[in-house]
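Just so we're on the same page: letters track the sequence lines, and every chain starts at 1. Below, each value reflects all heavy atoms present in this structure, side chains not excepted, and no hydrogens, waters or symmetry copies. Because the structure is a prediction, the values reported are computed rather than measured.
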4 protein chains.
Amino acid sequence: MSKQNQASAAAELPVARAPRRERGRQRVESLLDAAAALFAENGFEATTMTAIAQRAGASIGSLYQFFPTRQLLADALRSRFEQHVGEALTRLAEDCRCRTPEGLAAGLVELMKGLREERTAALALVDPNDPRDAHRLQIRNLMRTRIAALIRQAVPETDADTAAQRAVLTLHLLKLVHQLPHEEAPAVLEDALRDWLARAFVQPPQTGRLRD
Amino acid sequence: MSKQNQASAAAELPVARAPRRERGRQRVESLLDAAAALFAENGFEATTMTAIAQRAGASIGSLYQFFPTRQLLADALRSRFEQHVGEALTRLAEDCRCRTPEGLAAGLVELMKGLREERTAALALVDPNDPRDAHRLQIRNLMRTRIAALIRQAVPETDADTAAQRAVLTLHLLKLVHQLPHEEAPAVLEDALRDWLARAFVQPPQTGRLRD
Amino acid sequence: MSKQNQASAAAELPVARAPRRERGRQRVESLLDAAAALFAENGFEATTMTAIAQRAGASIGSLYQFFPTRQLLADALRSRFEQHVGEALTRLAEDCRCRTPEGLAAGLVELMKGLREERTAALALVDPNDPRDAHRLQIRNLMRTRIAALIRQAVPETDADTAAQRAVLTLHLLKLVHQLPHEEAPAVLEDALRDWLARAFVQPPQTGRLRD
Amino acid sequence: MSKQNQASAAAELPVARAPRRERGRQRVESLLDAAAALFAENGFEATTMTAIAQRAGASIGSLYQFFPTRQLLADALRSRFEQHVGEALTRLAEDCRCRTPEGLAAGLVELMKGLREERTAALALVDPNDPRDAHRLQIRNLMRTRIAALIRQAVPETDADTAAQRAVLTLHLLKLVHQLPHEEAPAVLEDALRDWLARAFVQPPQTGRLRD
DNA sequence: TATGAATGAGAATTCATTCAT
DNA sequence: GATGAATGAATTCTCATTCAT
């Protein structure tokens with residue numbers, strides 16, 4: 001009863017505490033890694049805090065020191081994912097290979113492959129009841145915008161609108177990266193994908209505009 | 001149709017008991033409906049047996065009468081889904097509208113929309129660690145085969161191989177049914193989808209073969 | 001996340017479930033007894049659910065079957081206390097000894113002694129931050145009203161207002177029942193208390209009106 | 001509470017460490033203040049060491065520097081309360097207003113009001129299982145003795161025994177200070193209380209001796 | 001068969017206390 | 001001394017499953 005009073009007075013929602021020491025920073029990092037791996041493997045509901053702590057080589061108390069709630073851990077993971085996406089795109093933009101459609105296609109496929117586990121984890125954290133999930137939309141916009149910029153870098157004569165449309169298609173195609181490996185002959189398919197992409201940068205799709 | 005391989009070793013594997021009377025059949029049906037709804041809403045792990053029984057207006061004991069295990073309930077649900085898919089396809093095949101590509105396209109989109117919730121529930125039951133999940137593959141094959149047949153019915157000059165390929169693409173396109181509604185202007189997009197489908201039945205995609 | 005959605009949709013506040021079978025009724029009774037004893041001994045915060053279940057000879061699951069929350073258990077306890085108070089007062093009113101001031105005094109002292117543990121437990125459940133606690137006021141009013149009636153029964157010439165005032169004083173004096181035993185010579189003091197009470201029914205206190 | 005008993009056997013009982021410097025003294029003071037406030041608000045069990053440190057603007061490590069145990073902190077708080085009571089009484093004794101019964105009554109009421117929070121905190125630290133708690137008795141005796149002296153100072157013709165008796169009654173009346181404010185018209189009641197007190201110093205209660 | 005109750009392992013979370021820097 | 005991190009036993013609460021009537 002008294003706890004609730006405190007809460008009503010200050011509405012002390014739990015927040016992930018930021019580490020202040022180097023040791024803490026490392027701990028948080030490894031906890032996030034462990035969580036990402038387990039969420040990706042088993043989904044959000046099936047992943048226990050105990051398992052996360054164990055996998056990270058931390059005590060359960062240590063985990064709760066930084067993430068007072070499983071949901072908060074999930075949120076942190078999604079933020080980190082967004083940050084990683086941004087960083088990877090920045091790195092890609094600085095890579096000179098990206099000046100050609102083929103190079104850009106290869107770079108994007110590589111980027112997606114590198115984000116595979118983290119993306120799976122992040123998807124496991126989406127509330128399936130809420131398709132307009134704010135964070136999800138945010139990452140989508142981030143990618144669309146940045147990819148459009150990359151396309152204009154690789155194919156300078158593209159105007160802004162066209163680039164935006166092609167970015168949407170590109171993103172859809174890129175999602176296939178995560179479905180192909182389940183199939184036979186992934187290498188061949190990956191080649192095909194790179195090919196489609198490279199073409200998509202310069203030539204509009206014939207079937208009309210695809211959104212989402 | 002489905003054979004349970006596991007049955008070989010164990011002495012007394014629990015099996016979903018079949019109801020003896022009409023009343024029992026109805027109860028089982030409503031239990032499955034409740035389970036489908038809840039699995040679709042909250043996922044497998046987050047759905048409790050108590051909640052299922054409650055939603056079905058049954059007691060927990062009654063639920064366990066028919067489904068001695070949560071997993072067994074999930075299995076029954078997947079089987080029922082497969083059965084429903086089969087029935088829906090049969091019904092579609094008998095619908096004379098399907099003699100034209102446009103009619104078939106419309107029919108398939110309708111079919112997918114009708115299976116929406118059940119499909120979501122079934123997907124929630126897939127072990128994400130096992131992408132080769134037997135049951136999943138079985139349903140996929142069922143759909144591919146049946147859709148190929150429908151295509152040949154609507155476009156009689158198609159040969160078997162071509163029909164098979166187009167069925168694969170068709171299936172991919174059909175999955176979009178479940179993504180579009182989240183977007184703006186669903187009606188417009190649904191039209192577009194029907195259009196793409198109708199074309200896919202007669203004309204191969206230019207960008208190469210898509211698998212899975 | 002899905003759980004919260006459910007909650008937001010139906011605001012499913014947990015409620016103490018009422019037993020539907022005889023066995024359950026007994027269980028609930030013994031759980032409440034155990035809880036009363038432990039709350040009285042150790043206070044609300046220091047009493048664990050495990051300890052309550054153990055003392056009642058029930059499993060922890062059984063406890064939670066009926067009281068999904070410790071707070072709910074506390075609430076049920078307070079309700080039961082109020083009910084017991086009411087019943088005890090009714091019984092006292094029907095006791096013919098109460099037709100005289102002395103008899104009434106003795107009866108009230110007896111009544112208080114019988115409620116001792118339960119009262120201690122109930123007091124341990126009051127949120128000390130909230131002096132206007134609704135339940136507490138309710139019991140106080142119940143007692144004031146009923147005692148006033150008893151006084152008019154014992155001393156018929158008393159008018160309603162006077163009886164009400166004397167009931168307030170009576171209640172204050174009665175609280176001493178629970179402090180005296182800690183002192184030396186409880187029997188002597190109990191006699192004195194009975195004496196004061198009997199006098200309080202007929203004669204106003206000289207020092208002015210005491211409220212609360 | 002049983003755990004704390006075990007400690008009696010151990011070799012090195014932790015003791016509250018005394019601060020060496022002025023800065024330390026201030027820190028200890030603010031820690032005690034924070035603890036008093038929180039114990040008073042939420043009770044002993046519900047108050048966490050972390051919360052205390054936070055409220056005092058200190059780190060948890062710092063808190064443990066001075067109070068190696070929560071119990072030790074509680075003990076220190078009770079000692080400080082006793083000390084404050086003594087100081088307040090000394091100050092009161094030196095106040096010339098106390099030469100008259102009315103002045104003394106006012107002074108005592110004032111004194112009680114000033115100790116309100118600290119008293120609430122101290123009460124929250126009493127083990128409810130042990131009504132003969134040593135510390136509690138000690139404070140009670142301190143107050144009885146000092147108040148008796150004050151009474152003889154205000155009403156010089158009182159003999160020692162009578163003064164002692166009246167001190168007991170005075171103390172009981174003074175406890176009302178902490179109950180009255182919850183009622184309607186606190187100012188009026190406070191006046192009445194002062195009045196009763198002033199009379200109690202010179203005139204014996206008619207109803208007999210009240211103890212405790 | 002139907003139904004409510006019983007069970008207990010397991011999960012999330014808390015918190016006093018200890019450590020290392 | 002001061003500070004943040006580490007620890008893990010203890011606590012609340014959940015839920016699949018089994019029992020008894």
Side-chain angles (χ1 to χ4, degrees), chain A residues 3 14 17-28 45-53 58-71 73, chain B residues 14 17 19-21 23-24 27 45-53 58-71 73, chain C residues 3 14 17-28 45-53 58-71, chain D residues 3 14 17 19-21 23-24 27 45-53 58-71 73:
Chain A
K3 277 186 192 173
R17 227 154 302 156
R20 300 194 185 176
R21 296 245 225 271
E22 178 51 25
R23 197 180 174 193
R25 206 162 318 130
Q26 283 172 20
R27 183 89 340 152
V28 164
E45 291 294 342
T47 299
T48 75
M49 293 298 265
T50 310
I52 294 171
S59 72
I60 185 67
S62 256
L63 170 50
Y64 275 93
Q65 182 94 42
F66 297 108
F67 302 104
T69 283
R70 192 164 54 139
Q71 186 56 54
L73 177 50
Chain B
R17 228 151 297 157
R20 306 259 173 195
R21 319 225 176 205
R23 185 163 160 226
R27 175 133 287 189
E45 291 295 340
T47 299
T48 74
M49 294 298 266
T50 308
I52 295 171
S59 73
I60 182 70
S62 201
L63 170 52
Y64 271 90
Q65 195 69 39
F66 296 110
F67 303 103
T69 278
R70 190 165 58 140
Q71 187 55 54
L73 176 52
Chain C
K3 276 186 191 173
R17 228 155 301 158
R20 300 194 185 175
R21 295 244 225 272
E22 177 52 24
R23 196 178 173 197
R25 204 161 322 127
Q26 284 171 19
R27 200 28 53 113
V28 164
E45 291 294 342
T47 299
T48 75
M49 293 299 264
T50 310
I52 294 170
S59 72
I60 184 69
S62 257
L63 170 51
Y64 275 93
Q65 182 94 39
F66 296 108
F67 302 104
T69 282
R70 192 163 54 139
Q71 185 57 54
Chain D
K3 280 185 193 170
R17 227 151 299 156
R20 305 261 172 192
R21 316 225 177 204
R23 187 166 161 222
R27 175 133 289 187
E45 291 295 341
T47 299
T48 74
M49 293 298 267
T50 308
I52 294 170
S59 73
I60 182 69
S62 200
L63 171 52
Y64 272 89
Q65 195 69 38
F66 296 110
F67 304 103
T69 280
R70 190 165 59 140
Q71 187 55 53
L73 176 51

What's [X] touching, base or sugar-phosphate or nothing? Going by heavy atoms closer than 4.0 Å.
X     : answer
C:T50 : base
B:R27 : sugar-phosphate
D:T48 : sugar-phosphate
A:R20 : sugar-phosphate

Note: for A:A58 and C:P68 on DNA chain F, the residue whose nearest nucleotide lies more 5' is A:A58
Ranking A:S62 and B:T47 by the position along DNA chain F of their nearest nucleotide, the one closer to 5' is A:S62
When you measure from the side chain of [X], which nucleotide among [options] comes out closest?
X     : options               : result
A:S59 : F:dT7, E:dG4, E:dT21  : F:dT7
A:Q65 : F:dT7, F:dA20, E:dA20 : F:dT7
A:R23 : E:dA20, F:dG8, E:dT3  : E:dA20
C:T69 : F:dC13, E:dT17, F:dT3 : F:dC13

Starting at atom [atom1] of [X], determine the distance to atom [atom2] of [N], rounded to an integer number of angstrom.
X     : N      : atom1 : atom2 : result
D:Q71 : E:dC15 : CD    : C1'   : 16 Å
C:R70 : F:dT11 : CZ    : C1'   : 9 Å
B:M49 : F:dT18 : CE    : C1'   : 13 Å
D:L73 : E:dC15 : CG    : P     : 16 Å
C:F67 : F:dT12 : CZ    : P     : 15 Å
A:Y64 : E:dA11 : OH    : P     : 11 Å
A:E22 : F:dA6  : CD    : P     : 12 Å
C:R25 : F:dT21 : CZ    : C1'   : 15 Å

- Mind running side-chain contact (heavy atoms from CB on, under 4.5 Å) on B:L73 and B:F66 for me, showing each step along the way? CA-CA 9 Å; B:L73 176 52; B:F66 296 110; over 6 Å; no
ask   = Applying a 3.5 Å limit to both distances, which nucleotide forms a Watson-Crick or G-U wobble pair with F:dT14?
value =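 Result: E:dA9.
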- Query: Under a 3.5 Å cut-off for both distances, is E:dA20 Watson-Crick or wobble paired, and to whom?
  - Reply: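 Its partner is F:dT3.
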Result for 5'-nearest mapping on DNA chain E, choosing between C:F66 and D:G61, is C:F66
- Identify, between A:I60 and C:L63, the residue whose nearest nucleotide on DNA chain E lies closer to the 5' end.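 The residue mapped nearer the 5' terminus is C:L63.
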With a 4.5 Å heavy-atom cut-off, do C:R27 and C:S62 have their side chains touching?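 Yes - at least one pair of side-chain heavy atoms lies under 4.5 Å apart.
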With a 4.0 Å cut-off, would you call D:R70 and D:E45 a salt bridge?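 Yes, this pair counts.
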Heavy-atom closest contact (A:G24 atom, A:P19 atom, distance) |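 So the two residues come closest at C-CB, 3.4 Å.
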Stepwise side-chain contact (heavy atoms from CB on, under 4.5 Å) check, C:T50 with C:L63: CA-CA 9 Å; C:T50 310; C:L63 170 51; over 6 Å; no
Checklist entry - Passes side-chain contact (heavy atoms from CB on, under 4.5 Å), D:M49 versus D:Y64? Steps please. => result CA-CA 9 Å; D:M49 293 298 267; D:Y64 272 89; 3.4 Å; yes
